[in-house]
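First up is the structure itself, then whatever we jot down about it.
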Amino acid sequence: MPDFKPIKLVLEDGTVFKGKSFGYHKSVAGEVVFNTAMTGYPESLTDPSYEGQILVSTYPLVGNYGVPHDDKENGIPKFYESDRIHVSGFVISDYSFDYSHWNARGSLGDWLEQNEVPGIFGIDTRALTKILREKGTMLGKIEVDEDDIDFYDPNKENLVAKVSTNEKITYGNGKHKIGLVDTGGKYNIVRCLLKRDTTVTMVPWDYDFNNDDFDGIMLANGPGDPQMCQATIKNISKALNGNKPIFGICLGNQLLGTAAGGSTHKLKYGHRAHNHPVIKVGTGTCYITSQNHGYVLDTDSLSDEWEPLFVNINDDTNEGIRHKTKPFFSTQFHPEASSGPTDTEFLFDEFVDLIKASKGEK
Ligand SMILES: NC(=O)CC[C@H](N)C(=O)O
């Protein structure tokens with residue numbers, strides 16, 4: 001085994017975890033969050049919602065299936081959620097030096113190195129997670145050699161502006177025209193829409209989509225504090241006066257709720273997993289969902305025109321909302337999965353059905 005350089009993770013409360021470096025050997029600071037999923041590191045690492053965050057995997061064995069090919073389909077990578085790694089650093093327990101998978105093109109360590117993102121292995125990530133669960137999400141820094149860098153709070157910045165597209169980009173040429181507000185959206189949202197006879201036009205986070213002739217508006221996921229996206233919230237508020245279908249995911253749920261007059265707050269340590277159970281309100285139906293968020297919408301803050309659509313049965317937090325009379329709805333979880341269970345992908349069908357109904361089609 002080669003000699004891996006020492007590297008450490010320092011938490012805001014002074015706790016230090018010493019590990020070994022297996023990615024790009026540099027110091028970084030960010031917000032430390034944990035995900036309990038057992039698979040899906042290529043998708044998570046490229047999810048723009050992780051911008052500014054140091055990601056901890058509670059599942060110990062990581063890297064065993066390498067990283068996938070970067071083949072493209074419809075102009076986007078087939079197996080990644082964006083064009084680069086967005087996490088600031090990756091913290092794991094056991095690194096698999098050997099990888100094997102039909103679709104592997106290289107190792108996780110080499111991929112981190114190419115993207116200049118540090119990786120630490122040899123850390124008891126379950127002990128680390130217990131601290132984060134007890135004290136809540138904390139700032140942290142990964143330090144190499146004798147470095148002593150400052151802590152950095154990504155939520156004080158407009159991270160959405162950093163990760164959003166700067167120009168309109170159109171994918172596919174299906175029947176229904178979707179305006180996708182790119183607050184840091186994952187490519188699987190585009191893939192799920194394109195599978196359903198749509199043309200998807202991705203627009204910048206602060207673009208006023210109300211003047212375009214879209215058939216429906218898709219509000220994407222994205223990083224940071226939703227209250228940083230006032231320009232998006234303003235445009236959504238305008239759209240709420242009309243009748244075009246709107247579907248929001250994760251940050252999209254928080255932005256739709258805020259535009260509807262609601263408020264948001266930060267959870268103690270967030271939901272990042274493949275197994276969050278949510279109940280559809282008014283039914284006994286439970287879905288197992290993929291999640292990655294730190295903020296949450298306050299259901300009680302919504303006006304009477306809105307109602308909760310899903311609720312998390314672990315902690316009773318909001319998992320989605322819908323307008324009582326207009327075709328507007330959103331989910332806090334990820335129906336596009338990637339990674340995680342695909343049980344709620346049918347919500348994309350429901351969105352397209354709303355579009356058809358609003359156009360007078362069957
Ligand atoms: N995946 C997301 O869209 C995350 C939304 C928001 N940044 C949060 O942490 O709550």
Side-chain angles (χ1 to χ4, degrees), residues 11-13 30-36 47-56 129 131-140 151-161 163 181 183-184 205 219-234 236-237 240 246 248-273 276-279 281 289-323 328-334:
L11 298 180
E12 209 180 341
D13 71 350
E31 180 183 38
V32 186
V33 297
F34 65 88
N35 189 318
T36 61
D47 176 349
S49 300
Y50 280 113
E51 182 73 24
Q53 293 176 326
I54 294 171
L55 177 60
V56 178
T129 299
I131 296 174
L132 298 174
R133 279 179 61 109
E134 195 61 36
K135 300 195 172 173
T137 297
M138 267 189 263
L139 299 184
F151 287 107
Y152 154 70
D153 185 353
N155 299 308
K156 300 232 158 75
E157 262 198 80
N158 184 346
L159 300 170
V160 163
V163 300
V181 184
T183 45
W205 71 283
L219 306 172
N221 60 290
D225 184 343
Q227 302 309 325
M228 289 287 172
C229 298
Q230 290 303 324
T232 323
I233 293 166
K234 200 166 125 212
I236 300 169
S237 302
L240 296 185
I246 302 177
I249 292 177
C250 207
L251 181 71
N253 179 57
Q254 299 162 359
L255 298 182
L256 184 64
T258 307
S263 57
T264 55
H265 73 272
K266 198 173 182 198
L267 292 168
K268 191 173 175 191
Y269 47 82
H271 296 163
R272 294 176 187 85
H276 270 280
V278 306
I279 289 250
V281 176
T289 64
S290 177
Q291 304 212 6
N292 165 24
H293 67 110
Y295 292 84
V296 72
L297 188 61
D298 304 310
T299 310
D300 295 346
S301 64
L302 296 170
S303 74
D304 285 351
E305 292 176 300
W306 294 80
E307 59 191 2
L309 180 54
F310 295 97
V311 66
N312 189 308
I313 49 178
N314 284 344
D315 61 6
D316 286 334
T317 53
N318 178 266
E319 289 290 353
I321 56 171
R322 77 171 149 206
H323 194 277
F328 311 146
F329 75 105
S330 55
T331 64
Q332 187 56 56
F333 57 86
H334 288 270

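Only a predicted model underlies this, so the values are computations on that prediction, with no experimental measurement involved.
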When every non-hydrogen atom of W205 is compared with those of C229, the smallest separation belongs to CZ3-CA, 4.1 Å
Quick check: do T331 and N253 have side-chain heavy atoms less than 4.5 Å from each other? no
Can you confirm whether Q332 sits close enough to V278 that some side-chain heavy atom of one is under 4.5 Å from a side-chain heavy atom of the other? no
State, without any angle test, whether H271 and N314 hold a side-chain donor-acceptor pair at a distance under 3.5 Å. no
Using distance only, find each side-chain donor-acceptor pair of residues 132-140 under 3.5 Å and give its atom names and separation, not counting sequence neighbours.
residue, atom, partner, partner atom, Å
K135, NZ, D13, OD2, 2.8
T137, OG1, K268, O, 3.4

With the side chain counted from C-beta on, respond yes when C250 and H334 share a heavy-atom pair under 4.5 Å apart, and no when they do not. yes
State the CD-NE2 distance between E319 and H276, to the nearest 0.5 angstrom. 7.5 Å
Residue pair T36 / A273: nearest heavy atoms and the distance that separates them: OG1-CB, 3.2 Å
Closest non-hydrogen atoms of S263 and L297, given as atom of the first, atom of the second and distance, are O-CD1, 3.4 Å
Looking only at heavy atoms, what is the nearest atom pair of E51 and P223, with distance? CB-CB, 3.9 Å
Gap separating the CD1 atom of I233 from the CG atom of L240, nearest 0.5 angstrom: 11.5 Å
Which value, rounded to the nearest 0.5 Å, describes the distance between L309 atom CG and N318 atom CG? 9.0 Å
Beyond-backbone contact of V181 with I236, side-chain heavy atoms, under 4.5 angstrom: no
Inter-residue atom distance S49.OG - N221.CG, 0.5 Å rounding: 3.5 Å
Is there a donor-acceptor pair under 3.5 Å between the side chain of D298 and the backbone N or O of D300? no
Do E307 and V281 touch side chain to side chain, with heavy atoms closer than 4.5 Å? no
Would you say that L219 contacts T183 through its side chain, given a criterion of any heavy-atom pair below 4.5 Å between the two side chains? no
If you count every heavy atom of other residues, nucleotides or ligands that lies below 6.0 Å from K266 atom NZ, does the total exceed 12? yes
Heavy-atom side-chain contact between Q291 and T289 under 4.5 Å: yes
Fit a plane to each ring of W306 and H323, take the angle between them on a 0 to 90° scale, and name the class: parallel (under 30°), tilted (30 to 60°) or perpendicular (over 60°). perpendicular
Working for side chain to side chain contact (heavy atoms under 4.5 Å, CB included), residues V33 and L55: CA-CA 5 Å; V33 297; L55 177 60; 4.2 Å; yes
Partners of D225 by side-chain contact (heavy atoms from CB on, under 4.5 Å), sequence neighbours excluded? Q227, M228, Y295
I'd like to check the ring-ring contact (aromatic ring centres under 6.0 Å, His included) partners of F333; sequence neighbours left out, ordered by chain and number. F310
Note, V160 side chain near L251 side chain (heavy atom, < 4.5 Å): yes
Which heavy atom of L302 sits nearest to which heavy atom of A260, and what is that distance? CD2-CB, 4.3 Å
Can you give me the closest heavy-atom contact between N292 and Y50, atom names plus distance? ND2-CE1, 3.4 Å
